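Since the structure is predicted, the reported quantities are computational estimates derived from the model, not experimental observations. Within every chain, numbering begins at 1; the chains are lettered A, B, ... in the order of the sequence lines, protein sequences first and strands thereafter.
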Amino acid sequence: MAAVQETIEQVRLIDVDQYKYGFETLVDTEKAPKGLSEDIIRFISAKKNEPDWMLQWRLDAYARWLTMQAPDWARVAYPPIDYQDLYYYAAPKKGGNGPKSLDEVDPEILKTYEKLGIPLREQEILAGVERPEGEPRKIAVDAVFDSVSVATTFKEELKAAGVIFMPISEALHEHPNLVKKYLGTVVPTTDNYFATLNSAVFSDGSFVYIPKGVRCPMELSTYFRINEKNTGQFERTLIIADEGSYVSYLEGCTAPMRDENQLHAAVVELVAMDDAEIKYSTVQNWYPGDAEGKGGIYNFVTKRGDCRGRNSKISWTQVETGSAITWKYPSCILRGDNSSGEFYSIAISNGRQQVDSGTKMIHLGKNTSSRIISKGISAGRSQNTYRGLVSAHRKATGARNFTNCDSLLIGDECGAHTVPYIETRNPLAQFEHEATTSKISEDMLFYAMQRGLSQEEAVALVVNGFVRDVLQQLPMEFAVEAQKLISISLEGSVG
Amino acid sequence: MTPLLEIEDLHAEIEGGRKILDGLSLTVNPGEVHAIMGPNGAGKSTLSYVLSGKPGYVITGGSIRLAGVELSELTPDARAALGLFLAFQYPLEIPGVSTMAFLHAAVNAQKKKRGEQEMTSPELLKRVREIGKSLDITAEMLRRPLNVGFSGGEKKRNETLQMLLLEPKLCVLDETDSGLDIDALKVVSAGVNALRAPERSMVVITHYQRLLDYIVPDVVHVLAAGRIVHTGGKELALELEATGYAQFQNEAA
């Protein structure tokens, strides 16, 4: 038992010291008054100088939200949230409608992104990460700091390709018809408690439109940072891939270490038209709280993709290592015939983290297919649940799904749970489900150590082997980052 | 001459459980091949685990020295870096980790601990291919996850590959013949024999004499009730095959 015991001990040591992104940026901030009311919503809408229909949309959502109850079916426990004790809008002070160029951005904020390793200066993009051809790959970044977008890079180059990539608050002014046409069509304002709250108070997020037949010339990414105290972050992302287009989008998240829990309730909507493909990757590393479960982000997120067109494809890949509580089910509605959806997930929980995550694959069209690969790793005293739904509508003849859920336990004080729901109303749908739960075995570690690997190297080897299928789905730069993150998350047990 | 392996009056038990090794002594000089035979439950596999430092086994007395270095307080990886290799009776499977990646990690982990220059991927690949050829190990096998879905013979050939690649000072072979058909046994034995050298020693643990037709030992020991009860030349193995272990079990009791 010695090796596993030691591993457990080391995992136990993981606490705030290991969270590398926990610093705070000191900037002057403009906040809305604390609490939630119609006035606050009007305040947010006015701040962004929104059209009337947008304000009305928000107010309708708010009225609806007041009648709703927080969901209680997930395997997570937390004290009731006092929604009047939160700030719903916080923005670094700086005149006007946001900075026009990087030179106008508060140097403190630029330093923050530099420290986080997020490239905002276009010439510095990914120095050091070489592509096989030797060309550094370009990534356009939208940096969201608390409630506002502070910088968006490569706008001009993208514009030349016809791609629209900008903060959603800006898109409301520059492309109001596009926003109006698609916003809320995948996740309606009435969808669920947290999505409805988001609809009422969302502040910023990214808007992406890829026109017909365009293959987006670079990866797009949004980097979310929560900085202010007692502030919720409610971002809204909307991505539309028009006929025959392709886009790969990446998302990263961090927050300072604080003793209070902070709420992050985002909504992401994806729309893929005929023959279009969207690849959406997330590396979520919100502050997870300390070893005793104090502080950390409540990550209550609604992400959904609509394969609206024939032969369309939406692929979600997520690496979830942060947050005190994760409640998140990136889903695909397979509406178009022959459309396909994918969900690849690595969810790691440690300390007192609670994860309830999975996906929904809703097969509506004919010959639609979906694939779910989920790898959960639980350590410390954490609880890690996979919850997934695969369903076939009666018209979804020829629907196919393959699901594989594997759980790995490190130590004996954590839990792994798998809750699959499978529903079919079409006799010609084919659904397969595989699930395994294993413990990092003493014998496996001993075998690797007998060959010369230290205990930490042995655990890292086993864990990396366990998550390999999913890591392979990530764009290269992200895979490298994710691999490092996995090591940090399990630091002590992983070298 | 300094013995390569020197075990003196070794006592060991399973953590919180029963005593298994009860005053075992064994000396192996460089270049020698020693066979350890004995009935089921005599402590043969336990000896291999205690030598290599498997968690869950506790040394309660005596000493183990490899080339003069006391092993009992060292971690398994430190022992490996000193040149101790255990060929497992049941090699473990590690899903998602290709055999080649595992070999690379193992070779360089040992080299790093010894302060030697690490091997580059092309160097390693070349070396692995050379060895692999003699063991009928295909490139396809090297790409597969370590031991996952391997047949019994493939697993043992893979153990032999690792042994040849790591070039240990002391090879401990635990029931290497179990699960092998005669053809695989020949391939594995040829690999092991290729490793015989004046500075290298082997401890071959086996229940049956069959393996010793192919890996011919210099010395044969009988292990019963946790200690060596009888020692002889290679002909002892044949005697045991004829008479069985009953006489020694009585002796030990």
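In this structure, A/Q455 CD and B/T75 OG1 are separated by 9.0 Å, a value rounded to the nearest 0.5 Å. The distance from atom CG of B/L92 to atom CG of A/L445, rounded to the nearest 0.5 Å, is 9.0 Å. Annotation: the span from A/S454 atom OG to B/K112 atom NZ amounts to 7.5 Å, rounded to 0.5 Å.
In this structure, the portions of A/A448 lying under 4.5 Å from any heavy atom of chain B include both its backbone and its side chain. Both the backbone and the side chain of B/P91 come within contact range of chain A, judged by heavy atoms closer than 4.5 Å. In this structure, the portions of B/L84 lying under 4.5 Å from any heavy atom of chain A include both its backbone and its side chain. Contacts between B/L86 and chain A at a heavy-atom distance below 4.5 Å involve backbone atoms as well as side-chain atoms. For A/F466, the part sitting under 4.5 Å from any heavy atom of chain B is the backbone (N, CA, C, O) and nothing else.
For B/E140, the CD atom is densely surrounded, since the number of other residues' heavy atoms within 6.0 Å is greater than 12. Within a 6.0 Å radius of CD in B/Q117, no more than 12 heavy atoms belonging to other residues, nucleotides or ligands are found. Heavy atoms from other residues, nucleotides or ligands lying under 6.0 Å from CZ of B/R114 number more than 12. With a 6.0 Å radius and a threshold of 12 heavy atoms from other residues, nucleotides or ligands, A/Q430 has its CD atom at or below the threshold. Counting non-hydrogen atoms of neighbouring residues, nucleotides and ligands closer than 6.0 angstrom, the NZ atom of B/K19 exceeds 12 such neighbours.
Taking each heavy atom of A/G452 and B/K113 in turn, the nearest pair found is O-NZ, 2.7 Å.
Proximity of B/Y90 to A/Y447: side-chain heavy atoms (C-beta onward) are nowhere separated by under 4.5 Å.
A salt bridge links A/D443 to B/K54: at least one charged side-chain nitrogen sits closer than 4.0 Å to a carboxylate oxygen.
Aromatic ring pairs are classed by plane angle as parallel below 30°, tilted from 30° to 60° and perpendicular above 60°; the pair B/F88 and A/F446 is tilted.
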Which is it for A/M449 and B/S52 under the side-chain contact (heavy atoms from CB on, under 4.5 Å) test, yes or no, and what are the steps along the way? CA-CA 10 Å; A/M449 288 175 77; B/S52 52; over 6 Å; no

Go through B/I94 and A/M444 one step at a time and tell me if the side-chain contact (heavy atoms from CB on, under 4.5 Å) criterion holds. CA-CA 7 Å; B/I94 305 187; A/M444 217 188 257; 3.8 Å; yes

For A/L461 and B/V97: C-alpha separation, side-chain torsions, deciding distance, then whether side-chain contact (heavy atoms from CB on, under 4.5 Å) applies. CA-CA 7 Å; A/L461 186 88; B/V97 178; 3.9 Å; yes

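Side chain of A/R451 to backbone of B/A106: no donor-acceptor contact under 3.5 angstrom is found.
Of all the listed residues (B/A101, B/S98, B/A105), the one sharing the greatest number of non-hydrogen pairs under 4.5 Å with chain A is B/A105.
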